[in-house]
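Quick note: numbers below take in every heavy atom, side chains included, and nothing from hydrogens, waters or symmetry partners. None of these values were measured; they are calculated from a predicted model. Numbering of ligands and ligand atoms starts at 1, following listing order.
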Amino acid sequence: MTTEIRVLDSEDDLLAAANLFRTAMVGFPPLPNLTPGQITKLLEPGRTVGAFAGGQLVGTADASTSRLTLPGGTIVGHAAVSHIGVLPSFTRKGIATDLVRHQLQDMAARGEVVATLRASEATIYERYGYGVASSSQSVEVQTARAVLRPGVGTGGPVRLLDAAEAWDVLPRIYSDNRPSRPGTIDRPPVWWRGLRLRSESASGPSYVAVHGEPGSETGFARYRPIDTERWFVSEQRTIAVEDFFAPTTDAHLGLLRFLLGLDLIDRVLFWMLPLDDPLPLLLVDRRAARVAAVHDETWLRIIDVRQALTARRYQGDGAVTIAVNDPLLQDNSASFAITRDGAEPTDRRPQVHVGVEGLATVLLGGATWRDLAGAALARADAPEALVVADRLFAVPDAPHAGFFF
Ligand SMILES: CC(C)(COP(=O)(O)OP(=O)(O)OC[C@H]1O[C@@H](n2cnc3c(N)ncnc32)[C@H](O)[C@@H]1OP(=O)(O)O)[C@@H](O)C(=O)NCCC(=O)NCCS
C-alpha cells in the first residue's frame with residue numbers, strides 16, 4: 001500500500017489527527033470541546049505529521065521541541081514524540097514505520113541529538129532504535145504509619161495556588177529550578193497548555209501546592225483525590241500525586257511533609273518517583289512506603305550518536321572502544337574510543353559492539369553494559385571491557401524525567 005506522509009498544519013487536519021489518535025488508543029476520553037483555533041496552540045507548528053492512504057488520513061504522529069540533560073549536566077536538543085496512532089482498520093501495513101522513519105529523518109535534519117517517548121506497549125519501539133533509558137516508580141504511602149525520623153529537616157513553606165494562578169507559576173518554577181539529573185527534559189509551552197486543558201475539563205477536584213517563598217518557589221506538587229464515590233465514609237481516602245517536582249532537598253521535605261500531613265488522607269500515591277528517591281529512608285517505619293509498580297519511563301532514540309557520546313560526561317579509569325550499529329540512520333554507525341576525558345570517533349578495533357537501541361538504554365546510566373550484554377543487546381570481546389564501560393558510564397543520580405506526555 002502506498003502511503004503519503006505530510007505535515008499537518010490546518011486546524012481541520014490537526015483536529016482530525018487528534019481524533020484519529022484517540023480512536024487508535026481505544027480507551028482514551030474524547031477530545032474536550034475546543035475553542036476555534038485552540039488545537040493549533042496545543043501542538044507545535046510543523047511537527048504533526050499525517051499518513052494518507054488513498055487520500056484518507058489513516059495515521060499520525062507528532063513531536064515537541066525540547067531539551068534533555070545528559071550525565072554530567074550537558075543539555076542537548078531533544079524531540080519529545082507523542083500521539084503515534086494508526087486507525088485500527090489500517091494497522092500492520094507499515095504505516096507507523098513510515099511515520100517513525102519520517103520523524104527520524106526530520107529530527108536529524110533539525111540537528112536534534114535525541115528523541116524520547118512514552119510507550120503504550122513495550123514491544124513497538126525497539127525496532128526503530130529506541131531503548132528504555134529511565135524508569136519510574138509508583139509509591140504508595142500509608143500516612144498513619146509514615147512518621148519521619150527525628151532530625152529529618154522541615155523543608156520550607158508550602159502553600160496552595162488557585163487553579164488560574166497555577167498555570168502561570170508552574171512553568172516558571174520548573175524552568176527556574178531545572179534539575180541536573182540525567183533524563184530531565186524541558187516542558188514545552190504546548191504541554192502546559194494541554195495539561196491546563198485536561199485539568200480544567202476533568203470533572204473532579206485537583207490541587208496545586210508550591211514550595212518556597214512567593215516569587216522564588218523551588219518545587220510543586222499537583223494532586224487530586226481518587227475513588228471519591230464514598231469519600232465521606234471511606235477508610236482509604238487517597239490522593240494521587242500526579243506531578244511531584246521536588247528538585248532540592250528542602251522542596252522534597254517541605255512538599256512531603258505537606259502531603260503526608262493532609263487531614264483526612266489515609267494514603268498518598270506518588271505516581272512517578274525516581275528509582276533513587278530517598279522517601280523510605282526518611283521514615284521510621286520504611287514499610288509505610290510501598291513500591292506499587294516500576295514502569296519503563298523514557299524510551300530514548302539517539303538521533304546523533306557522535307554528539308550524544310561527546311556531550312555526556314564519563315568517570316573512572318580505563319578506556320573502551322565501542323562500535324555502534326544503526327541501520328535506520330546510517331551516519332550513526334561508527335566506533336568511539338571512550339575515557340574519562342570524553343568520547344571520540346576512532347578506527348581502532350572495537351571491544352564492544354552495540355546496536356543504537358542498546359546504546360540508548362545505557363546512555364543516561366539507567367542500565368549497565370553487563371546487563372545489556374546479558375540481554376544480548378551488546379557483545380564484548382572480553383568481559384573486562386564491560387566492567388570498564390560500566391565504570392565510565394556510571395551516574396550519581398538515577399535518570400528520571402518525572403513527566404508523562
Ligand atoms: C502501535 C501502532 C501505532 C502500530 O502501527 P502499525 O501501522 O500497525 O505498525 P507497522 O505496520 O508499521 O508495524 C511495524 C512492526 O511493528 C510491529 N508492531 C506494531 N504494533 C505492534 C504492537 N502493538 N505490538 C507488537 N508489535 C507491533 C508490527 O508487527 C511490525 O512488525 P514487523 O516489522 O516485524 O512486521 C498501532 O498499532 C496503533 O495505533 N496502536 C494503538 C495506539 C498506540 O498504542 N500508539 C502508541 C502510543 S505510544
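Among all protein heavy atoms, the one lying closest to atom 29 (O) of ligand 1 is Arg92 CD, 3.7 Å. Given atom 13 (O) of ligand 1, the protein heavy atom at minimum distance is Thr97 OG1, 4.0 Å. The nearest heavy-atom contact from the protein to atom 26 (N) of ligand 1 is Thr123 O, 4.0 Å. Of all protein heavy atoms, the one closest to atom 4 (C) of ligand 1 is Ala96 CB, 3.6 Å. Of all protein heavy atoms, the one closest to atom 31 (O) of ligand 1 is Arg127 NH2, 3.4 Å. For atom 41 (C) of ligand 1, the closest heavy atom belonging to the protein is Ala24 O, 3.3 Å. The closest protein non-hydrogen atom to atom 44 (O) of ligand 1 is Ser120 OG, 2.6 Å. Counting only heavy atoms of the protein, atom 36 (C) of ligand 1 lies nearest to Thr91 CG2, 4.0 Å.
At a 4.0 Å heavy-atom cut-off, ligand 1 touches Tyr128 through the side chain alone. Contacts between Glu121 and ligand 1, counted as non-hydrogen atom pairs separated by less than 4.0 Å, involve the side chain only. Proximity of Trp299 to ligand 1, defined as any heavy-atom pair under 4.0 Å, is not found for any part of the residue.
For the pair Leu34/Leu15, a side-chain contact is recorded, criterion being any heavy-atom separation below 4.5 Å from C-beta on. Using a 4.5 Å cut-off on side-chain heavy atoms (C-beta onward), Arg47 and Met107 make contact.
A cation-pi contact, defined as under 6.0 Å to the ring centre and within 45° of the axis, links Arg6 to Phe52. Taking the ring axis of Phe28 as reference, the NZ or CZ atom of Arg22 does not stay both within 45° of it and closer than 6.0 Å to the ring centre. Cation-pi geometry between Arg312 and Tyr314 is met: the NZ or CZ atom falls under 6.0 Å from the ring centre, inside 45° of the normal.
Annotation: the span from His211 atom NE2 to Asp250 atom CG amounts to 5.0 Å, rounded to 0.5 Å.
For ligand 1 and Gly94, the ligand atoms under 4.0 Å from any heavy atom of the residue are 10 (P), 11 (O), 12 (O). Less than 4.0 angstrom separates some heavy atom of Ile124 from each of these atoms of ligand 1: 1 (C), 21 (C), 22 (C), 23 (N). Here is the list of ligand 1 atoms found below 4.0 Å of a heavy atom in Met25: 42 (C), 43 (C), 44 (O), 45 (N). Here is the list of ligand 1 atoms found below 4.0 Å of a heavy atom in Arg118: 48 (S). Close approach to Lys93 involves these atoms of ligand 1, each under 4.0 Å from a residue heavy atom: 11 (O). Contact atoms of ligand 1 toward Gly85: 39 (O) (distance under 4.0 Å to a heavy atom of the residue).
Among Pro274, Pro396, Pro247, Pro71, the one residue that satisfies the side-chain contact (heavy atoms from CB on, under 4.5 Å) test with Arg181 is Pro274.
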N/O donor to acceptor pairs below 3.5 angstrom from side-chain atoms of residues 361-370, sequence neighbours left out:
from: Thr361; atom 1: OG1; to: Glu357; atom 2: O; distance (Å): 2.9
from: Thr368; atom 1: OG1; to: Asp371; atom 2: N; distance (Å): 3.0
from: Thr368; atom 1: OG1; to: Asp371; atom 2: OD2; distance (Å): 3.4

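Tyr125 and Tyr130 have perpendicular rings, their planes meeting at more than 60° on a 0 to 90° scale where under 30° would count as parallel. Ring-plane geometry between Phe220 and Phe245 is classed as tilted, the angle between the planes lying from 30 to 60 degrees on a 0 to 90 degree scale.
For atom 6 (P) of ligand 1, the nearest protein heavy atom lies under 4.0 Å away.
Within a 6.0 Å radius of CD in Glu344, other residues, nucleotides and ligands contribute 12 heavy atoms or fewer.
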* Asked: Which is it for Arg110 and Asp304 under the salt bridge (Lys or Arg N to Asp or Glu O under 4.0 Å) test, yes or no, and what are the steps along the way?
  -> CA-CA 11 Å; Arg110 288 169 186 262; Asp304 185 329; over 6 Å; no

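Counting only non-hydrogen atoms, the option in Val86, Val58, Thr60, Leu117 that gets closest to atom 39 (O) of ligand 1 is Val86.
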